[in-house]
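The next block holds one structure in the form of structure tokens; read it before the comments.
Along the sequence shown, the residues carry numbers beginning at 1.
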Amino acid sequence: MVDVGEKPTSMRLARAEATVLVGERLTQLIAANELAKGDVLSVAQLAGIIGAKRTSELIPLCHNIPLSSVKVQAQLLANEQCVRLEASVRCTGQTGVEMEALTAVSIAALTVYDMCKAVSHDICITNIRLLSKSGGKRDYQRREQS
């Protein structure tokens with residue numbers, strides 16, 4: 001692991017997103033909350049939060065960070081036939097929370113897939129990316145957010 005002992009403590013914030021393309025039939029089922037496994041959007045949100053909290057267990061050499069906030073939004077975009085996931089993760093510490101935000105949306109996306117696969121395997125997880133980070137050596141803001 002990288003030694004972060006000499007880094008200054010600061011508030012760190014990172015945001016990430018992912019998109020799950022589900023198609024017309026699954027869009028209808030998610031909207032009507034008619035999938036056998038339950039409420040896809042709520043379960044994906046919870047899974048994303050759990051994923052963020054367990055990032056250091058999943059990714060080698062990732063620091064175990066005491067998170068102060070994890071928020072995951074899951075939104076069905078009916079016109080685009082997709083679920084858009086966004087995570088916001090915050091801590092006060094010596095290293096950033098980008099991996100926690102990216103893990104949150106990744107686990108949430110995999111949860112959407114798992115909950116929908118009985119209906120179709122023609123599901124595509126795409127566009128997993130960091131949107132912004134602040135509080136460390138340098139801030140980052142993605143210019144194009146689609």
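- Considering CD1 of Ile125 and OG of Ser106, their distance stands at 8.0 Å, rounded to 0.5 Å.
- A side-chain donor-acceptor contact under 3.5 Å links His63 to the backbone of Val2.
- For Ile59 against Met99, the heavy-atom pair with the smallest separation is CD1-CE, 3.5 Å.
- Taking every heavy atom of both residues into account, Lys71 and Ser69 meet most closely at CE-OG, 3.8 Å.
- Contact check for Arg54 versus Ile107: no side-chain heavy atoms found under the 4.5 Å cut-off.
- Remark: Glu86 engages Arg84 in a salt bridge, criterion side-chain N to carboxylate O under 4.0 Å.
- With Lys117 contributing its side chain and Val112 its backbone, the two residues share no donor-acceptor pair below 3.5 Å.
- Of all the heavy atoms in Cys91 and Val97, the pair that sits closest is SG-CG1, 3.5 Å.
- Using a 4.5 Å cut-off between side-chain heavy atoms of Ile, Leu, Val, Met, Phe, Trp and Tyr, with links allowed through other members, Leu35 and Leu85 fall into the same hydrophobic cluster.
- With rounding to the nearest 0.5 angstrom, the SG atom of Cys82 is 12.5 Å from the CD1 atom of Ile123.
- Val89 places none of its side-chain heavy atoms less than 4.5 Å from the side chain of Leu13.
- By the rule that hydrophobic residues join a cluster once side-chain heavy atoms approach within less than 4.5 Å of another member, Leu110 and Leu26 end up as members of one cluster.
- Following chains of ILVMFWY side-chain contacts shorter than 4.5 Å, one cannot reach Val72 starting from Ile128, and the two form parts of different hydrophobic clusters.
- Contact of the Ile65 side chain with the Glu100 side chain is registered, since non-hydrogen atoms from C-beta on lie closer than 4.5 Å.
- Nearest heavy-atom pair, Arg25 versus Val119, reported as atom, atom and distance to 0.1 Å: CG-CG1, 4.1 Å.
- Minimum interatomic distance between Ala109 and Val20 (heavy atoms only, all atoms of both residues): CB-CG2, 3.6 Å.
- Going from atom OG of Ser68 over to atom CE of Met11 covers 8.0 Å, rounded to the nearest 0.5 Å.
- Arg12 and Ser10 are linked by a side-chain donor-acceptor pair at a separation below 3.5 angstrom, with hydrogens and angles left out of the test.
- Using a 4.5 Å heavy-atom threshold, the side chains of Tyr113 and His121 count as touching.
- Rounded to the nearest 0.5 Å, atoms CD (Glu17) and OG (Ser88) are 13.0 Å apart.
- Contact of the Leu21 side chain with the Thr19 side chain is registered, since non-hydrogen atoms from C-beta on lie closer than 4.5 Å.
- Cys62 contributes atom SG, which lies 11.0 Å from atom CD of Glu57 (distance to the nearest 0.5 angstrom).
- In this structure, Leu46 and Val43 have side chains that are not in contact, with every pair of non-hydrogen atoms separated by 4.5 Å or more.
- In this structure, the side chains of Val83 and Ile30 come closer than 4.5 Å at one or more pairs of heavy atoms.
- One N or O on the side chain of Gln94 and one on the backbone of Lys7 form a donor-acceptor pair closer than 3.5 Å.
- Between the side chain of Gln81 and the backbone N or O of Glu24, at least one donor-acceptor pair lies under 3.5 Å.
- More than 12 heavy atoms of other residues, nucleotides or ligands lie within 6.0 Å of CG in Asn33, so this atom counts as buried by the packing criterion.
- The side-chain heavy atoms of Gln75 and Leu77, taken from C-beta on, include a pair separated by under 4.5 Å.
- Contact between Thr103 and Gly51 at its shortest, heavy atoms only, is CG2-O, 3.4 Å.
- Met115 and Leu41 fall within the same hydrophobic cluster, where Ile, Leu, Val, Met, Phe, Trp and Tyr residues are linked whenever their side-chain heavy atoms come under 4.5 Å apart, directly or through other members.
- Looking at Ser42, its side chain never comes within 3.5 Å of a backbone N or O of Asp39 through a donor-acceptor pair.
- From Leu76, atom CG reaches atom CD of Gln28 across 10.5 Å, with rounding to the nearest 0.5 Å.
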